[in-house]
Structures are given as C-alpha cells and as structure tokens.
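Below: the structure, in structure tokens.
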Amino acid sequence: MERSAIVRVKEGLHARPAARFVKLARAFQSDVEIAKGGKIVSAKSSVKLMLLTVKEGDEVKLKVRGPDETEAMGMLIAYLENPQAGLDEEPGQQPPSTTAATDDAPHLPGGHKGAAASAGAALGAVFPYFPPTLEPVGADIPPAEREAEKARLRMAVAAVTGRMESMIAAAPGSADAEIVRALIELASDEDLIARAEETIGRGLDAVSATLAAGEVLAVEFEGLDDPYMKARAGDLHAVTRQICLALTEKEDVDLSGVPEGAILVAEDIGAFELARAPLHRIAGILCGQGGATSHVAIIARNHGIPAVLGLGSAIEAFRTARRAALDGSRGLVFADPEEALERDFAARIARQEEERQALTAYVDHKPVLAGGRAITIAANLGSLSEIDNARAVGAMGVGLFRTEIMFMAHPMLPSEEEQYETYAALAAAFAPEEVIVRTLDIGGDKPVAGIDFPEEENPFLGWRGIRMCLDRPAVFKPQLRALLRANHEGNLKVMLPMVSTLDELRRTRTLIEECEAELEREGEAFRRFALGVMIETPAAVLIAPELAAESAFFSIGTNDLTQYIMAADRLNMSVAALGDVSNPAIMRAIELTAKAGVEAGIMVGICGEAAADTTLIPRFLEMGISELSMSPAAVLAAKKAVVEYTAKG
Ligand code: PEP
Ligand code: MG
C-alpha cells in the first residue's frame, strides 16, 4: 500500500526523529520505503533516511508491503504527521546566539572565536582528550575467511550497540538517552554495514572496511546544505570509531578520569563518549570540530556545561595550554588567560553560580502579593513524562495540559479509558494543587489520526479547537467523560480552546451535563469540574464580561491571541516582529480580559509564552492576573520576578 503525507515533525527527520522513525519501521515485518522528490530509500536505514533530508512541510510517499502493512502504515503516518515527534530538547536549551562578530576579545592575548554552542562562562585546568586516529589495517583477507570477518564485524557492532543500550537502561528518561538511541541506529545501520561487508567481500579487513564505509557516508552528510545534517558526519565518524575499537579490542582514553572543574579540550568528542563521561565534573568544553547543532553541543546544553565548538586549528593552542577560559554565550575562548582575565572570568562564574543558587531558593516558595493575592506559578505540560521535572522546579500545579499531544502521538484516537488513566495520573501527581486540562485543540495544522480534516485555505481560521469538538461529539464526549471520571481529588479543572462565542461555552456545558447523566446511569463514579475558557481570540476578549459571567476562570493564550489580534501568523518568521506581546494592542487585550475576570470574581491566568516573560510579569500582576503557567524551565525565574515585584511594594 502507498500513502502520501505532509511531514509535520518539527524541523523534519533529523538525527533523533529519524532514529525513532526507523525504530518504529523496524518494529514491523513489512518492507517500508519512503520517497521524496523522485528518490526512494528504505525506511529501515537511518543513514539513508537522513540523507533523504526530509524537512518539516515536505511531502513524502510511504510504500509499505507485508503482513502487517495496515498497522505499520497507520503508525508511521501518525508519526510523520505529529509535530511533537521532533521535540526532545528541553525548552530554554536553544543554542545561544552566535552574533558576536563585533567582539574584539579574540584579539586579547590567547583569544579565539568559535561557535557559541552552550551558554555560560567557565574557567579551569585543561584536560586534553586527543585519542589517536585509527588507521586502516589494510590486511588482505583470503576468500575462505571473509565470511568469518563479516561475522566479526557484526559481533563488534553488537558489542557497541549493547554498550549503548546498557547506558540507556541506566538512565532511560535522561535527555541524553535520545541521542544515544540515534547513535545505536547509526551504528547498526543496514546501509553502513552492507557497505562494509561488501568491502570485506572484496578482501579487505573489517577495520579498514568500516572506516571506508563510514568515510563515504560521512562525505555524503558533509555535502548537505543543512548545518544540522552536516553535523551528522561527526556522529558517523564517532560510531565507526567505536566499531573499530571493538574489532581491535581496544578502548579509547577514558574520560572517567576527568578531574573536577576541568575544561575538556578535544578535536572532536563522540556523543557516546561524552554522554557517559562524568559530566558533573566538566566545567567547560572546547572542540576543534562541531557547531551549535552537534550532539556534543546538545549534551552540553542539557547539562548546563558552557561550550565553544568549531575552533578549527585554534584548538591546537589549547592542547598544550595549562588553563582555559571560555564564554559559551559569545563563542570566545582564551588559552592560558592573563591574570586580569582570570579574575574577570572568576567573577562572572561566581555571579552565574550565585544566580543559579539563588533561583533554587524559590523551589518551595508560594508567592503572595502585598495585598494578599496569592500567585500561582504553574507548569505547561504535554505528557506525563514531564511531571517529575515540573515538580522538581516547584511548579504549583499545571496551568495548561495540552491533550492534543496525547492524541497526536496515538495511531488511532485514544480511548476514554486511556484518556482517563492519563488525566487521573496527572491530577494525582499534583493534588491538592490544581491541574488545568485543555480539551482537544487540534485543527488543519495539527492533524490527528482518526479525524479527517478538510483541506482548508486558512487552517488557523478554520475548523479547529472547540469548533471541531462541538461538531464531533463522538470525539469530544469520551474526553469529557474521562475528565469527569478522573477528577477523584477535585483538583482537576478543564478549559476550552479557541472560544469565540458564548454559545460554544453553553453547548459544551450541555454536553458535559449529558456525560454526567450517562455516567450516573452507568453507575460510574465522577466529580464535576470547574469549566474555564481560554481567551485567545479577539472575539473572546470583546465578550469577556459575558464569558466571565458563565465560566469558572479565564486562561489567556497569548500565543494565539497575539497572532489573531495582530493578524500575523505565529509560524511565519517574516512577520515575527509583530508577535511581540508587549505591543500595546495585546497588552490592552490582556488588561480588558483581566478586568472582566476580576470584576466577575473569577481567576484569571496566562498560559501563553508571555507568562514567563519576567519583564512583563509586573504589568500582568498589576492587571490582576493570579496564575502564570509556563514551561517548567521558566518556573523559578518567574517566581523570583513575582517576589521582586512584591518587595518593591
Ligand atoms: C496559546 O495560544 O497561548 C496557548 C497557550 O496555546 P497553544 O500555544 O497550545 O496554542
Ligand atoms: Mg492557543
């Protein structure tokens, strides 16, 4: 069977999403091929898939043949159409900006400029990590021994992937696990191994054949335009190196001996070697190779280690240096910094550490304004796996649970039972603090398997959110029933997205009453929840007093509200400047909403990105906002901003 799909995976099938897609494809017996622009490759090889360079928004065709083709097709299409599939970096971990061209610091003694790969300042003793280059053995393998040589290669691959698997097993939920998973796919890639085996078949030894196969594929990656895909060449070199080490029963210089506070200096470091190094002891990373999109950079950002990569030949100066200082935000590095510079860096690091420490003081803090108004700093979540992190940073409940993520990750619509389990677990994890679940917010731009969306000229102005749900009670009612049943502790609240008329709120209430009557008849336990409205359309702002009279709370979705008020597509970079929430038009809309809510005596919160903007928080508080919900990474800084506002009186 064949099907076309528009790829919605954010940023396309780059290394980690490609690895996950390949893993999914390999779970089926059927042959799976993926075609784009006249090129067709096996979807069971991550190398081939990455070289196809499938970007977000590309049209691809899937060809699936075999006993489980229907199921495979459903799962794989659902994956490709799921925008969340590519998101595995924590928010707030974007590469630092690399705009430092005007810096004259490289002209200071020992100064050089590289790619700003992970923010922050670091200073410490150099730990050089320059394992010897592996040379091809160049041995002739007699025909009778070639099959055994191929078997030796496969055993080496199994040994390498086995080590990587056990590392994931030791820390399955860690941010690095995804990266190591992508490396496993690369190390066991059928294309890589087939090339190496073919070379062995011609009489070359396994080490030389592996190095040659890795080199050929790395050159292909290096030839791609996308800097992210170019960076995968480094991953290929790293995995082929591991395979060759296993073949020769050698180990690289161990990073386990890195002393406390060291600056790791290397030409390049394999992501696998780095991920298993004692990262808590590494103060900074400098590499000749790589850039902000390398896996080394991602691991560094995951662990808050400042890093400057892509230093080229300048790395040589650090190889022999005793000490190094680096500014990972601006990409500046200094070998053996002079005393004044040392002092400057030491002061910056002390400030950095103070700020980090100071923020942890807010974990258990529950802010209350001078007038007695309690402010809730809650988390925006999309899955249960994010609960621990949100709790660890002191999120005071959940201000937005995006249920569409569960729907999009599902091959079919999730059942009422599956939804019930998710909502109940979420509510239990935060009780007695409140959890606000948003009903399904999907539309032409966020498709879900099991709901057919019409082709729309303007999906953002189309059949989405509450509009679609009210037209599809078969989709909406199981969600409402699951929510009623999951409200065991009474801490679950529900809000409706994209509301633009009072009628939408009323019709939802009627449906909820129908669900309650059904559950009553079925003898199923349930508890009524508070029903609120998201204010994210200009219409909702303008009828806020009427909506406030009939809803339990407001939550302002500044992301959508901004795009609709400014008539500026939130995904269109050319109009990004219009998306500034501090624009008076948006601030006035927030103020009108807050006023209507406060006058009606209901809680008004903000759950769009602006909630985390510490420069705007004082103004939101003045308007009467009492809940700010944001990505967990922003919670502590927001708490601090509220405390500072209170202190100013
Ligand atoms: C918003 O629009 O501000 C919001 C929080 O919802 P989403 O970003 O999921 O559309
Ligand atoms: Mg929205």
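If you're wondering where the values come from, they're calculated on a predicted model, not measured in any experiment. Counting convention: from 1, in listed order, for ligands and their atoms alike.
- In L400, the part holding a heavy atom less than 4.0 Å from any atom of ligand 1 is the side chain.
- With a heavy-atom cut-off of 4.0 Å, R438 touches ligand 1 through its side chain alone.
- If you put the vertex on the Mg ion (ligand 2), OE1 of E536 and OD2 of D560 sit 100° apart, to the nearest 10°.
- By the 6.0 Å and 45° rule, R485 does not stack over the aromatic ring of F526.
- For the residue pair Q419 and T422, no side-chain donor N or O sits within less than 3.5 Å of a side-chain acceptor on the partner.
- Of the N and O atoms on the side chains of D560 and Q563, at least one donor lies less than 3.5 Å from an acceptor on the other residue.
- R438 forms no cation-pi arrangement with F401, by the criterion of a distance under 6.0 Å to the ring centre and an angle within 45° of the ring axis.
- Each of the following atoms of ligand 1 lies closer than 4.0 Å to a heavy atom of C607: 5 (C).
- Close approach of ligand 1 to D560 (heavy-atom distance below 4.0 Å) involves ligand atoms 1 (C), 2 (O), 3 (O), 10 (O).
- Not a single N or O atom of E609, backbone or side chain, sits closer than 3.5 Å to an N or O atom of ligand 1.
- A donor-acceptor contact closer than 3.5 angstrom links the side chains of D580 and S582.
- Taking only nitrogen or oxygen atoms, main chain and side chain alike, E536 reaches within less than 3.5 Å of ligand 1.
- With 3.5 Å as the limit, one finds no donor-acceptor pair spanning the side chains of N380 and S631.
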